[in-house]
Amino acid sequence: MILLFVLISFSTNAQQPNSVPDMRDSVAVVKWLKEKRIPALAVGYIENGSVKDIHAFGELRTGVPARKDAIFNVASITKTITSMVALNLVNAGKWRLDEPVARYFTDPDVKDDPRSTRLTTRDILTHRSGFPNWRSELPEGKLAFQFDPGTRYQYSGEGFEYLRHALESKFHRSLDQLADSIIFKPLGMHDTRFVWNSADEGRFAYPFDAELKQLEVVRNAMPNAADLLKTTMPDYCKFITWVLNGAGVSKELFREMASRQVTRKTDSYMGLGWVIYDPVGREEYALSHGGHDPGVHTLAVVLPKSNRALVIFTNSDNGIQIYPDLLGYYLGAQGQAIVAIETKKTP
């Protein structure tokens, strides 16, 4: 499987936000989703630091109605969990942002490259590892640095997998176990896991392509730090609410997480594990992450200053089409500003 990263690559022909139906009208929303050729949609909206609305519409697969506790593969949103595991370990003094991860792990493919001794967690969380998205993209299928770590932005799932190996090597625990002890259990996220659980089959949102063809489900037995997290909307909203309330780290570390580490494009930057949109309104900025796998589009947007957030899960290649509508509907001018930034061409 090749994972393609899409944060919010909106079509410039997307409908305007006023085209979204009343999200309290399930009949109208299901009709809208059918017009968009999107089988299922789950939405979570957080206001004043607490969950205000969670909705689920459509079908998880043919004949199986969507439910609020439906389990979705959230694709690259997985990285938000991995990032917060690492940052909580940093906050506890058990891990260092700027220490070379080679102290704990070096991938055999790059062991003879001196740049491997300089790669840090900060480089990885800001997507400046120097790696491609996946090693399978390179001619020989082996991992290799494409530039010096820390020198420029290039999105990389491989970087997060590299970090996973380093964390697991130091703490002698899987990423799933680390996340369970740091995030999942404390927050009561009982339906969230990095690996496939056959017990979830009945409420899993199966992926669909743009023509509504059901795609193969990836039933992974090993955790992936960059992809394939399985979670529900109620669970992930607990996580986002926790982030809004400080994410268990010091104010200084939170500010660093939300600071402009490297430029992605005009008014868009990478923080530590989160994309930053700044500005998105008067004295407001957004933390965000999206995900795209075949048959999956997901998005999380956090507005720390106004204490609001929006989470969108879809099981369709068409899911991205409704991002502008939902961002405008729930987040108003701030949501529309994010759309404007992401659709703006990079100079």
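Please read these numbers as outputs of a predicted model, since none were measured by experiment.
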Peer 1: Mark yes when over 12 heavy atoms from residues, nucleotides or ligands other than Arg96 sit less than 6.0 Å from its CZ; otherwise mark no.
Peer 2: no

Peer 1: Say whether Phe160 and Met270 are linked into one hydrophobic cluster, either directly or through other cluster members, by side-chain heavy-atom distances under 4.5 angstrom.
Peer 2: no

Peer 1: Can you check whether Ile38's main-chain N or O pairs, donor with acceptor, with Ser316's side chain at less than 3.5 Å?
Peer 2: no

Peer 1: Any side-chain donor paired with an acceptor under 3.5 Å for Tyr153 and Lys265?
Peer 2: no

Peer 1: Tell me, do Phe72 and Leu229 make a side-chain contact under 4.5 Å, heavy atoms counted?
Peer 2: no

Peer 1: Any sub-3.5 Å donor-acceptor pair from Asp235's side-chain atoms to Thr192's backbone N or O?
Peer 2: yes

Peer 1: Specify the closest pair of heavy atoms between Trp32 and Pro21, including all atoms of both residues, with the distance to one decimal.
Peer 2: CD2-CD, 3.4 Å

Peer 1: Under the criterion salt bridge (charged side-chain N to carboxylate O under 4.0 Å, His left out), I'd like the reasoning laid out for Asp200 against Lys230: C-alpha separation, chi angles, the key distance, then a yes or no.
Peer 2: CA-CA 9 Å; Asp200 296 338; Lys230 267 67 71 173; over 6 Å; no

Peer 1: Test side-chain contact (heavy atoms from CB on, under 4.5 Å) on Leu303 and Leu331 and set out the steps.
Peer 2: CA-CA 9 Å; Leu303 298 174; Leu331 302 182; 4.0 Å; yes

Peer 1: CD of Glu158 to CD1 of Ile124: how many Å apart, nearest 0.5 Å?
Peer 2: 11.0 Å

Peer 1: Arg135 and Asp107: salt bridge (charged side-chain N to carboxylate O under 4.0 Å, His left out), yes or no, with the steps?
Peer 2: CA-CA 12 Å; Arg135 68 187 71 198; Asp107 190 286; 2.9 Å; yes

Peer 1: Heavy-atom count around Glu283 CD within 6.0 Å, excluding the residue itself: above 12?
Peer 2: no

Peer 1: Should Ile322 and Phe208 be counted in the same cluster of Ile, Leu, Val, Met, Phe, Trp and Tyr side chains packed under 4.5 Å apart?
Peer 2: no

Peer 1: Go through it in stages, so that I can follow the logic: the residues are Leu89 and Val85, the test is side-chain contact (heavy atoms from CB on, under 4.5 Å), and I'd like the CA-CA distance, side-chain angles, deciding distance and then a yes or no.
Peer 2: CA-CA 6 Å; Leu89 290 169; Val85 166; 4.1 Å; yes

Peer 1: Is the number of heavy atoms from other residues, nucleotides or ligands under 6.0 Å of Arg173 CZ greater than 12?
Peer 2: yes

Peer 1: Between Glu99 and Lys170 (salt bridge meaning N to carboxylate O under 4.0 Å), is one present in this structure?
Peer 2: no

Peer 1: Run Ile320 and Asn318 through side-chain contact (heavy atoms from CB on, under 4.5 Å) and show every step you take.
Peer 2: CA-CA 6 Å; Ile320 199 169; Asn318 297 323; over 6 Å; no

Peer 1: So do the side chains of Gln261 and Leu272 get within less than 4.5 Å of each other, counting heavy atoms only?
Peer 2: yes

Peer 1: Honestly curious: do Val90 and Leu119 fall in one hydrophobic cluster under the side-chain, below-4.5 Å linking rule?
Peer 2: yes

Peer 1: Would the distance check show the side chain of Asn91 and the main-chain N or O of Ser250 forming a donor-acceptor pair, the cut-off being under 3.5 Å?
Peer 2: yes

Peer 1: Between the side chains of Ser306 and Glu284, does any donor sit under 3.5 Å from an acceptor?
Peer 2: yes

Peer 1: Is there a donor-acceptor contact under 3.5 Å linking the side chains of Thr80 and Trp274?
Peer 2: no

Peer 1: Of all the heavy-atom pairs spanning Ala42 and Met233, show the shortest one and how long it is.
Peer 2: O-CE, 3.3 Å

Peer 1: For a 4.5 angstrom cut-off between non-hydrogen side-chain atoms, does Leu326 reach Tyr330?
Peer 2: yes

Peer 1: Using modelled atom types only, decide if a donor and an acceptor are shared between the side chain of Gln154 and the backbone of Phe147 within a distance under 3.5 Å.
Peer 2: no

Peer 1: Sub-3.5 Å donor-acceptor pair from the side chain of Thr232 to the main-chain atoms of Ile71, do we have one?
Peer 2: no

Peer 1: Say whether, by atom type as modelled, one donor and one acceptor occur between the side chain of Lys79 and the main chain of Ala226 under 3.5 angstrom.
Peer 2: yes

Peer 1: Can any side-chain N or O of Asp109 pair as donor or acceptor with the backbone N or O of Leu143 at less than 3.5 Å?
Peer 2: yes

Peer 1: Considering all heavy atoms of both residues, which atom of Leu175 and which atom of Phe194 are nearest to each other, and what is their separation?
Peer 2: CD2-CE2, 3.5 Å

Peer 1: Could you walk me through whether Trp134 and Tyr155 pass the ring-ring contact (aromatic ring centres under 6.0 Å, His included) test, one step at a time?
Peer 2: CA-CA 10 Å; Trp134 297 111; Tyr155 188 82; 8.9 Å; no

Peer 1: Counting N and O atoms only, with roles assigned by atom type, does the side chain of Ser169 sit under 3.5 Å from a partner on the main chain of Ala166, one being a donor and the other an acceptor?
Peer 2: no

Peer 1: Determine whether more than 12 heavy atoms belonging to other residues, nucleotides or ligands lie under 6.0 Å from atom CD of Glu252.
Peer 2: yes

Peer 1: Are any of the side-chain heavy atoms of Leu41 and Met23 separated by less than 4.5 Å?
Peer 2: yes

Peer 1: Do the side chains of Thr266 and Ile341 get nearer than 4.5 Å, heavy atoms only?
Peer 2: no

Peer 1: Could you check whether any side-chain heavy atom of Leu215 comes within less than 4.5 Å of a side-chain heavy atom of Tyr206, counting everything from C-beta outward?
Peer 2: no

Peer 1: Are Glu342 and Arg264 within salt-bridge range, i.e. N to O under 4.0 Å?
Peer 2: yes

Peer 1: Anything under 30° is parallel, anything over 60° is perpendicular, the rest tilted; go ahead and classify His297 against Tyr323.
Peer 2: perpendicular

Peer 1: Could you go through Tyr269 and Val275, starting from their C-alpha distance and side-chain angles, then the distance that decides it, and tell me whether this counts as side-chain contact (heavy atoms from CB on, under 4.5 Å)?
Peer 2: CA-CA 6 Å; Tyr269 313 87; Val275 170; over 6 Å; no

Peer 1: Would you please indicate yes or no on a ring centroid separation below 6.0 angstrom for Tyr277 and Tyr285?
Peer 2: no

Peer 1: Do Arg308 and Gln334 have a side chain donor and acceptor closer than 3.5 Å?
Peer 2: yes

Peer 1: Got a donor-acceptor contact below 3.5 angstrom from the Asp209 side chain to the Lys213 backbone?
Peer 2: yes

Peer 1: Starting at CG of Leu163, measure out to CD of Glu168 and round the result to the nearest 0.5 Å.
Peer 2: 9.5 Å

Peer 1: Does the Asp123 side chain pair with the main chain of Pro149, one donor and one acceptor, at a distance under 3.5 Å?
Peer 2: no

Peer 1: What's the shortest heavy-atom distance between Phe313 and Thr298, and which atoms?
Peer 2: CD2-CG2, 3.8 Å

Peer 1: For residues Thr241 and Ser50, report the shortest heavy-atom separation together with the two atoms involved.
Peer 2: CG2-CA, 4.4 Å

Peer 1: Which class fits the ring pair Trp242 and Phe239: parallel under 30°, tilted 30 to 60°, perpendicular over 60°?
Peer 2: tilted

Peer 1: Answer whether the closest heavy-atom distance between the side chains of Val27 and Val29 falls below 4.5 Å.
Peer 2: no

Peer 1: May I ask you to decide whether Arg203 forms a salt bridge with Asp69, counting only side-chain N to carboxylate O separations under 4.0 Å?
Peer 2: yes

Peer 1: Could you check if a side-chain atom of Ile276 sits within less than 4.5 angstrom of a side-chain atom of Ser268, using non-hydrogen atoms only?
Peer 2: no

Peer 1: Does the Lys NZ or Arg CZ of Arg193 fall within the cation-pi geometry relative to Phe184 - under 6.0 Å from the ring centre and within 45° of the axis?
Peer 2: no

Peer 1: Could you tell me which non-hydrogen atom of Arg164 sits nearest to which non-hydrogen atom of Ala225, and how far apart they are?
Peer 2: CB-CB, 3.7 Å

Peer 1: In the single-linkage hydrophobic clustering (I, L, V, M, F, W, Y; side-chain heavy atoms under 4.5 Å), do Val302 and Val280 co-cluster?
Peer 2: no

Peer 1: Taking Asp267 first and then Lys344, would you say they form a salt bridge - that is, a charged N and a carboxylate O separated by under 4.0 Å?
Peer 2: yes

Peer 1: To the nearest 0.5 angstrom, please state how far the CG atom of Asp25 sits from the CZ atom of Phe57.
Peer 2: 8.5 Å

Peer 1: Hey, is Asp98 close enough to Arg122 for a salt bridge, meaning N to O under 4.0 Å?
Peer 2: yes

Peer 1: Verify the cluster assignment for Leu187 and Ile46: are they in a single hydrophobic cluster under the rule of side-chain heavy atoms below 4.5 Å apart?
Peer 2: yes

Peer 1: Indicate the ring-plane relationship of His289 and His127, choosing parallel, tilted or perpendicular according to the 30° and 60° boundaries.
Peer 2: tilted

